Amino acid sequence: MKTLDITLSSAGTKEFVNIVSRYPFDADLRSGRFLVDAKSLLGVLSLDLSKVLVLEIHEDECDELVTDLEKFTA
């Protein structure tokens with residue numbers, strides 16, 4: 001499992017979800033005690049986007065996804 005700190009705005013949320021959805025492995029987004037599927041637009045929009053979020057990728061070989069998400073890393 002790999003974790004990344006992510007910052008999102010409501011405008012960039014759809015792009016973030018589209019990128020994560022292209023990959024076959026599971027990914028969760030955490031904000032405090034709340035955890036949602038990172039591939040769910042509605043779930044991601046339910047989080048407090050003013051805070052730094054933690055992306056938990058449930059795969060060890062995910063370098064390509066990490067590269068694709070560089071613009072969202074905190």
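Just so you know, these numbers come straight off a predicted model, no measurement behind them.
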Could you go through the side chain to side chain contact (heavy atoms under 4.5 Å, CB included) check for L47 and V36 one step at a time?
CA-CA 8 Å; L47 297 175; V36 298; 3.6 Å; yes
Among residues two or more places apart or on two chains, list those pairs meeting salt bridge (charged side-chain N to carboxylate O under 4.0 Å, His left out) that have a residue in residues 5-14.
none
Are side-chain heavy atoms of T7 and L53 found at a separation under 4.5 Å?
no
Residue pairs passing the side chain to side chain donor-acceptor pair (under 3.5 Å) test where at least one lies in residues 28-37, sequence neighbours excluded:
D28-H58, R30-E56
Considering non-hydrogen atoms only, spot the tightest contact between C62 and K2 and give its length.
SG-CD, 3.6 Å
Heavy-atom closest pair, residues A38 and V17
O-CG2, 3.8 Å
Can you name the residues that form a salt bridge (charged side-chain N to carboxylate O under 4.0 Å, His left out) with E59, not counting sequence neighbours?
none
Would you say I6 and M1 are hydrophobically clustered, going by side-chain heavy atoms of ILVMFWY under 4.5 Å?
no
Check whether V54 and L45 end up in the same hydrophobic cluster, where Ile, Leu, Val, Met, Phe, Trp and Tyr are linked by side-chain heavy atoms less than 4.5 Å apart.
no
Residues at least two apart in sequence or cross-chain that pass side-chain hydrogen bond (donor to acceptor under 3.5 Å, both in side chains) with D48, listed by chain then number, are S50
Exercise answer: donor-acceptor pairs, residues 65-74 side-chain atoms, under 3.5 Å, sequence neighbours excluded:
| unit_1 | atom_1 | unit_2 | atom_2 | d |
| --- | --- | --- | --- | --- |
| T67 | OG1 | D63 | O | 2.9 |
| D68 | OD2 | Y23 | OH | 2.3 |
| K71 | NZ | E15 | OE1 | 3.1 |
| K71 | NZ | E15 | OE2 | 3.2 |
| T73 | OG1 | E70 | O | 2.8 |

Drop me the distance from K39's NZ to F16's CZ, to the nearest 0.5 angstrom.
11.0 Å
For L41 and T13, what are the C-alpha separation, side-chain angles and deciding distance, and is it a side chain to side chain contact (heavy atoms under 4.5 Å, CB included)?
CA-CA 7 Å; L41 181 60; T13 304; 3.7 Å; yes
Checking L29 against L35 for the side chain to side chain contact (heavy atoms under 4.5 Å, CB included) test, could you report, in this order, the C-alpha distance in whole Å, the side-chain angles of both residues, the deciding distance, and whether it holds?
CA-CA 6 Å; L29 205 53; L35 179 75; over 6 Å; no
Please give the remaining members of the hydrophobic cluster of V52, linking ILVMFWY side chains under 4.5 Å, ordered by chain and number.
none
